[in-house]
Amino acid sequence: MSIQEEFIEVYGAREHNLKNIDINIPRNKLVVITGISGSGKSSLAFDTIYAEGQRRYMESFSAYARSFLGNMERPDVDKINGLSPVISIEQKTTSRNPRSTVGTLTEIYDFLRLLYARAADAYSLHTGQKMIRQTEEQIIEQIFEQYKDKKISILAPLVRARKGHYRELFVKVRKMGFTKVRINGVVEEITPKMQLDRYKTHDIEAVIDRLLVREEDMKRLTQSVRLALKEGNGVLMLLDDADNLRFLSRNLMCAATGMAYDEPAPNTFSFNSPYGMCTTCSGLGVVNEFTGGQIIPDPKLSISQGALAPFGEYREIWLFKKLEAVLKPYKVNLNTPLDKFSEEAMQVLLYGSPTPVQVNSVKYPGTQWDTTYEGVIPFLKKQVAEGTEKMQKWAEDFVETKVCHSCDGARLKQEALFFKIGEKNIAELSGMDIKTLAEWFKSLPPKLSGRQKSIADEVLKEINKRIGFLRDVGLDYLTLTRAMRTLSGGEAQRIRLATQIGTQLVGVLYILDEPSIGLHPRDNDKLIKALQNLRDLGNTVLVVEHDKDMMLQADYLIDIGPGAGKFGGRVVAEGKPASFLDKTSTTAGYLNGNLTIKTPEKRREGNGLFLTLKGCTGHNLQDVTLKLPLGKMIAITGVSGSGKSSLIHETLYPILNAHFFRAKKQPLPYKALEGLEHIDKVIEIDQSPIGRTPRSNPATYTGMFTDIRALYAQMPEAKIRGYKNGRFSFNVKGGRCEDCEGGGKKTIEMEFLPDVYIDCNTCRGKRYNRETLEIRFKGKSISDVLDMSISEALGFFDNQPAILRKVQTLADVGLGYITLGQHATTLSGGEAQRVKLATELSRKDTGKTLYILDEPTTGLHFQDIVHLLDVLNKLVEKGNTVLIIEHNLDVIKVSDYVFDMGPEGGIGGGVLIAQGTPEAICKNKKSHTGKFLAQEMKL
């Protein structure tokens, strides 16, 4: 076997901070690339190897196809040999579309739709009885057996419960040769110019034939039945002499009411198709409504005191004069508290009244105007539909997102929900967590009929296989209805990993970016096994990772370093795990135990005060009460899906945010929150991007760019030319490059791939025009400053305290390697979170702030975790409380207090199973976290 077949050979990689490195990566192995944050791991894996793989794939297109796509730039590398087709599974590509769910991405929902379209039993919407369908021959045979020697009328239903005069219909029926119709239960002759009351609801059937059912009239019966089925769209009605009515149909039909369903197809069960989606919510499961709760936050207030949030407090204006006149007949006025209003008065206040009222003119005393009052809600709806952009935004603040009342959140039309397999409809299956769903499908085959088994056999194999892959990567707590945009970067990445395992491709190079994010140590083995399965199929798996277990179970380790940014970019150690442990690199030191993150000798006592959240029952939470000791570093732990985010992000934070900042997001259900007076501010730092375009960067987000622009405007040359701060903004005309409008990059829209950003040809990515770049501070233009790393900026701004404070905090959280102007779109979730953390740290704190962090160790090396813990400890030392949702054992072991959720994920979780110091958690036998924490702390 040649070296090219055994290795992917990379020669002279210089992308970003890589120092002209040469490396051989073993093929068909699980290879982990590690190193401290910013050392160049992603530059090697994604910006060099993956980018070159993508470029070669694009080169394989015809010249015609490439003319639409543009040319992809070759990465800065001399040569790469032995490169297979490349598939990257990153964190940053989570769909923001509310229609994208776990079920649609994994294709499990597509197979469910197929299963229900082909094998489900239909039930009547009205009676709940099983619907039947018959062939033409079965219908004729049934009529003959049950109505032999009896007189019957065969009717074809033409109109069901609809308004109209139907003059044209009667003319058409008469032209077809029929003389009688049955209207609203009465048989009548068709007369010239016959018509009905157009404002009443009608049922109309054509009388196809009246006959005595006999053997000799079988031909006539057959012809009449066929004609009735044709004219009635597959449905006919039989009327006997005793006026008993019966429906027969070759479609699915309710025998009692005659209601028929269309033939089911896969799109009948799709919430993304007009054939299946609920028409009220358009398949989203939720609707935006103006409700009294948002418009009237406090009903104890009167209108004069500002009870109507959109109108504010009383002012001498026409609107309040009109309200006064409208409310007069209801014996209330503007000073009456709203909770004393009658039902009728409240209805008029919110929805208006068509009755004209007389209002005294403000402008012309003694004059009265006749006017009507349209109501608060119609006024707000009008602003959303027709108002200016500013007014629309204002009106949308009073909108509340509620579960759709038509489909009850199921997203589908009512008919689709009455198709069942094993007594469950498709929405009920989609709402189960993966673990419960797997058990349900296991118990399904005995419940199926012979016909259903033969149809469903292959589909069930595919569904079970995909469910198995999701369980293999530790995601059995998710439901198929879970929106992709609500998942963490790690969860979304593991779903795509499960999908890739399902494709069973061979000879592919997979590159993954920290797939263990958000995964409890208990589930790590499942993920490693899944990656090994991918490798065993005959693929090369390249993983950028900091997880200790993943490194030790890899086939080969590559450590990039030694430092971050310009201090990194070299291969400092490589080899199989056994030999790697003998190396001298920082990573090897943490793996072999020479370097450790020390457990504190003494836990902080806190300030003795508590914030208590009682009776939380949202999602899977089972009446949880959380008593947070303030003035400590607190960790919230538990297996994935145990309810950590439901408790903190969706219950506690929205309550605090509404209290301190009047935020609108509704918390999940809870009973009470006590101890609010002990804190004066809440700050949540999550992993959402700091911006979605290249215009957003760390300098603009932290606010330091305002100070930098002010500094450049103070330069003597800038003053001579009359430049103000705005001249140095890349978002307004004047100083920016007009070709790219200050973006520095141009967007190429790819029809079937993500947008590609390329450097602007005019300014070469510098964002500014030539005149602006001539202004210099310490020999550097403002564009040069944006290209500086945080570490370089520390020395550059050493005598500018306002700027230095913000730069220093970015360095303190381990971001010394990123540049001030680095595009937000290129930052990972963990980096974006640390930029937010640095922004908050640079502000003056009060000592009574509650900080909430969501897995801040994402993307951090052991060495970086040490820096992060220093920063968090400083916050706590000042009297603040730091609440961290975390799986990383190094962070948990140094926390002062731990709350462990569990015991399992999904419906098996939602209970607070352990709380106390890390030592107390280790002793709890029920806690999965305790078991792994005890090993880490060597207890």
Side-chain angles (χ1 to χ4, degrees), residues 94-117 120 266-273 275-288 401-441 462-464 466-467 469-471 473-488 491-492 494-496 498-499 618-621 640-643 645-646 649-650 666 668-669 905-910:
T94 308
S95 169
R96 308 305 302 170
N97 188 337
R99 295 185 181 281
S100 181
T101 64
V102 171
T104 58
L105 191 75
T106 55
E107 296 176 352
I108 294 173
Y109 192 72
D110 298 335
F111 283 106
L112 275 182
R113 292 194 292 119
L114 183 62
L115 179 68
Y116 270 78
N267 63 9
T268 307
F269 305 97
S270 170
F271 48 76
N272 293 329
S273 161
Y275 296 103
M277 67 170 63
C278 164
T279 49
T280 307
C281 62
S282 299
L284 292 173
V286 291
V287 287
N288 290 329
T401 302
K402 288 191 158 187
V403 173
C404 173
H405 51 83
S406 297
C407 64
D408 214 14
R411 296 175 160 219
L412 297 169
K413 284 179 179 171
Q414 284 301 306
E415 295 85 15
L417 300 175
F418 279 81
F419 284 84
K420 298 185 180 181
I421 294 177
E423 296 178 3
K424 297 279 184 192
N425 65 36
I426 194 166
E428 288 171 320
L429 292 191
S430 300
M432 291 178 182
D433 61 60
I434 297 293
K435 186 180 177 185
T436 313
L437 191 63
E439 286 162 6
W440 188 85
F441 272 113
E462 288 295 333
I463 291 173
N464 287 323
R466 281 164 166 76
I467 287 174
F469 294 143
L470 283 175
R471 297 189 75 178
V473 292
L475 292 174
D476 52 8
Y477 57 91
L478 293 179
T479 62
L480 296 183
T481 52
R482 178 81 177 264
M484 286 300 293
R485 63 181 180 175
T486 65
L487 299 180
S488 71
E491 285 171 330
R494 289 197 294 281
I495 283 176
R496 281 193 291 275
T499 310
H619 293 162
N620 66 336
L621 297 175
S640 303
S642 57
S645 293
S646 298
H649 289 308
E650 298 186 57
Q666 291 294 309
L668 294 177
I907 55 170

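Keep in mind that what you see is a predicted model, and the values were worked out from it rather than measured.
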State whether the side chain of D476 and the backbone N or O of R471 hold a donor-acceptor pair below 3.5 Å, judged by distance alone.
no
Is it true that a side-chain atom of E491 and a backbone atom of T486 form a donor plus acceptor pair closer than 3.5 Å?
no
Reference residue L478; test side chain to side chain contact (heavy atoms under 4.5 Å, CB included); the match among L470, I495, T101:
I495
Can you check side-chain contact (heavy atoms from CB on, under 4.5 Å) on T104 and F271, steps first, answer last?
CA-CA 10 Å; T104 58; F271 48 76; 4.0 Å; yes
Closest heavy-atom contact between G643 and L621?
O-CD2, 3.6 Å
Contact summary for F441 and I467, nearest pair of heavy atoms:
CD1-CD1, 3.8 Å
Taking the side chain as every heavy atom from C-beta outward, state whether R99 and L284 have any pair of such atoms under 4.5 Å apart.
yes
Parallel, tilted or perpendicular: which fits the ring planes of F419 and F269, with parallel below 30° and perpendicular above 60°?
perpendicular
Test item: I434 and L475 side chains (from C-beta on) under 4.5 Å apart, heavy atoms:
no
Main chain of V102, side chain of T106: is a donor-acceptor contact present, judged purely on distance under 3.5 Å?
yes
Looking only at heavy atoms, the pair that brings T279 and K413 closest together is CG2-CE, 4.4 Å
Quick one: does P98's side chain get under 4.5 Å of R485's, heavy atoms only?
yes
Within this structure, what is the OH-CG distance for the pair Y109 and L480, rounded to the nearest 0.5 Å?
9.0 Å
Any side-chain to backbone donor/acceptor pair from N620 onto G641? Under 3.5 Å, distance only.
yes
Which heavy atom in K420 sits nearest to a heavy atom in L417, and how many Å separate them?
CE-O, 4.1 Å
Which donor-acceptor pairs under 3.5 Å do the side chains of residues 426-433 make with protein atoms, sequence neighbours left out?
| from | atom 1 | to | atom 2 | distance (Å) |
| --- | --- | --- | --- | --- |
| E428 | OE1 | N425 | N | 2.8 |
| S430 | OG | I426 | O | 2.9 |
| D433 | OD1 | K435 | N | 3.1 |
| D433 | OD1 | T436 | N | 2.9 |
| D433 | OD1 | T436 | OG1 | 2.9 |
| D433 | OD2 | T436 | OG1 | 3.2 |

For the student: nearest non-hydrogen atoms of P266 and R113, plus distance:
O-NH1, 3.0 Å
With a 4.5 Å heavy-atom cut-off, do T280 and H405 have their side chains touching?
yes
Run the side-chain contact (heavy atoms from CB on, under 4.5 Å) test on E415 and T268 for me, step by step, so that the C-alpha distance in whole Å, both residues' side-chain angles and the decisive distance to 0.1 Å come before the verdict.
CA-CA 9 Å; E415 295 85 15; T268 307; 6.0 Å; no
Take R496 and L105 through the test side-chain contact (heavy atoms from CB on, under 4.5 Å) and record every step on the way to the result.
CA-CA 8 Å; R496 281 193 291 275; L105 191 75; 4.1 Å; yes
Can you give me the closest heavy-atom contact between C407 and G285, atom names plus distance?
SG-CA, 4.4 Å
Verdict with supporting geometry, L668 and H619, side-chain contact (heavy atoms from CB on, under 4.5 Å):
CA-CA 8 Å; L668 294 177; H619 293 162; 3.8 Å; yes
